[in-house]
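For reference, the structure is listed below as structure tokens.
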Amino acid sequence: MSKKLPNIKLKKSFYRKDLLPVARNLVGKILVKKHGKNFLAGMIVEVEAYNGDFDQAAHSYGRKTKRNEIMFEDGGYLYVYFTYGAHHCCNVVTGKKGQGTAVLIRAVEPVSGIELMVKNRFDRKLKNEKEIFNLTSGPGKLCRAFAIDKSHSGTDITGNEIFLTSGKRVQKDEIGTSKRIGITKSVGLPWRFYLKNNPYLSRK
DNA sequence: CCAGGGATCCGG
DNA sequence: CGGATCCCTGGG
């Protein structure tokens, strides 16, 4: 008999702490988005931390603009941006007002609402069983599957549309660390955190 | 490996 | 305004 884990919505206080601990703690949490009367849900398996103070890869580095201003709010908001003319990327704002810190959600493991995610992402059924591993295994892919776009930037993620829940208990030794992917500045910072051996990572 | 694709930012 | 850049992805 397995005891069902409590799955409780994360509160503001979870996000309003230092960037790196929050980033590591986000691994294993569940991203939930209300989609009509259904819910899409995926367990976060890969994240990257960004800190505008000294990290030149962060959008908040050195400037506050219309696009990134939400990054300078208190933790607990979504920051979504559009890039390469095709893809959205979804970040969780962390820390205290004025800090400019956020965590990019790079990959999730689909948990529920999977058929809807497949429809959003491919506009067809899965071709084969392996394709599920291509559904949400990247920041642009998961935004597509969850139908998250710029209109969701600034969403309070302690509300009822998009939020995170407590999810799975993850031990420290289950979390891997590496350099971040796809950046050209501040490349040395080991600020990518992921669930080791998870098949839904953006890079295996 | 490479290029599409368009928002965004900066400098003039 | 032009030009460079971009926290990516899919298709060779």
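For the numbers below, each heavy atom of this structure counts, side chains included, while hydrogens, waters and symmetry mates do not. In what follows, chains carry the letters A, B, and so on, assigned in the order in which the sequence lines appear, proteins first and then strands, with residues in each chain numbered from 1. The structure presented is a predicted model; accordingly, all values stated were derived computationally and were not measured.
The aromatic rings of A:His88 and A:Phe82 lie tilted to each other, with the angle between the two planes from 30° to 60°. Between A:Phe133 and A:Tyr200, the two ring planes are tilted [angle within 30° to 60°].
A salt bridge (charged side-chain N to carboxylate O under 4.0 Å, His left out) with A:Glu46 is found for one member of A:Arg192, A:Arg203, A:Lys196 and no other, namely A:Arg192.
Rounded to whole angstrom, the span from the CZ atom of A:Arg63 across to the C1' atom of B:dC10 amounts to 9 Å. Rounded to whole Å, the distance from CG on A:Asp149 to C1' on B:dA7 is 14 Å. Between the CE atom of A:Met71 and the C1' atom of B:dC9 there is a distance of 15 Å, given to the nearest Å. Nucleotide B:dC1 holds its P atom 11 Å from the CZ atom of A:Arg203, rounded to whole Å. To the nearest angstrom, C1' of B:dT8 lies 13 Å from OH of A:Tyr84. Taking atom NZ of residue A:Lys64 and atom P of nucleotide B:dC9, one finds them 13 Å apart after rounding to whole Å.
A heavy-atom distance below 4.0 Å to DNA chain C is reached by these residues of residues 117-134 of chain A, ordered by number: A:Arg121, A:Asn134.
Contact annotation for A:Ala86: no contact, since no heavy-atom pair falls under 4.0 Å across all strands. A:Ile183 comes within 4.0 angstrom of the backbone, heavy atoms only, and of no base. Using a 4.0 Å heavy-atom criterion, one finds that A:Arg180 contacts no nucleic acid atom at all. Using a 4.0 Å heavy-atom criterion, one finds that A:Lys150 contacts the sugar-phosphate atoms exclusively. Among the heavy atoms of the strands lying under 4.0 Å from A:Thr65 are primed sugar atoms or P, OP1, OP2 only; no base atom is included.
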* Verdict with supporting geometry, A:His152 and A:Lys33, side-chain contact (heavy atoms from CB on, under 4.5 Å) -> CA-CA 11 Å; A:His152 300 101; A:Lys33 177 168 179 265; 3.7 Å; yes

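The nearest pair of heavy atoms linking A:Thr158 to A:Leu10 is CG2-O, 3.6 Å. Shown here for A:Met117 and A:Pro110, the closest heavy-atom pair between the two residues is SD-CB, 4.3 Å.
For the atom pair NZ of A:Lys9 and OG of A:Ser166, the computed distance is 12.0 Å after rounding to the nearest 0.5 Å.
For A:Glu131 and A:Arg124, the salt-bridge test passes: some basic side-chain N is under 4.0 Å from an acidic carboxylate O. Look at A:Asp55 and A:Arg180 and you find a salt bridge, because one of the NZ, NE, NH1 or NH2 atoms lies within 4.0 Å of a carboxylate O, short of that distance. Salt bridge annotation for A:Glu48-A:Arg106: present, with a cationic side-chain nitrogen under 4.0 angstrom from a carboxylate oxygen.
When only modelled atom types and interatomic distance are considered, A:Asn7 and A:Thr165 share a side-chain donor-acceptor pair under 3.5 Å. In summary, the side chains of A:Lys34 and A:Asn160 do not present any donor paired with an acceptor at a separation below 3.5 Å, with no hydrogens or angles considered.
Toward the 5′ end of DNA chain C lies the nearest nucleotide of A:Thr83, the other residue of the pair A:Thr83 and A:Lys141 mapping further downstream.
In the 5' to 3' direction, nucleotides of DNA chain C lying under 4.0 Å from heavy atoms of chain A begin and end at C:dC6 to C:dG10.
Helical stems of DNA chain B (runs of at least 3 Watson-Crick or G-U pairs, donor-acceptor distances under 3.5 Å) are listed by first residue: B:1-4 with C:8-11, B:6-11 with C:1-6.
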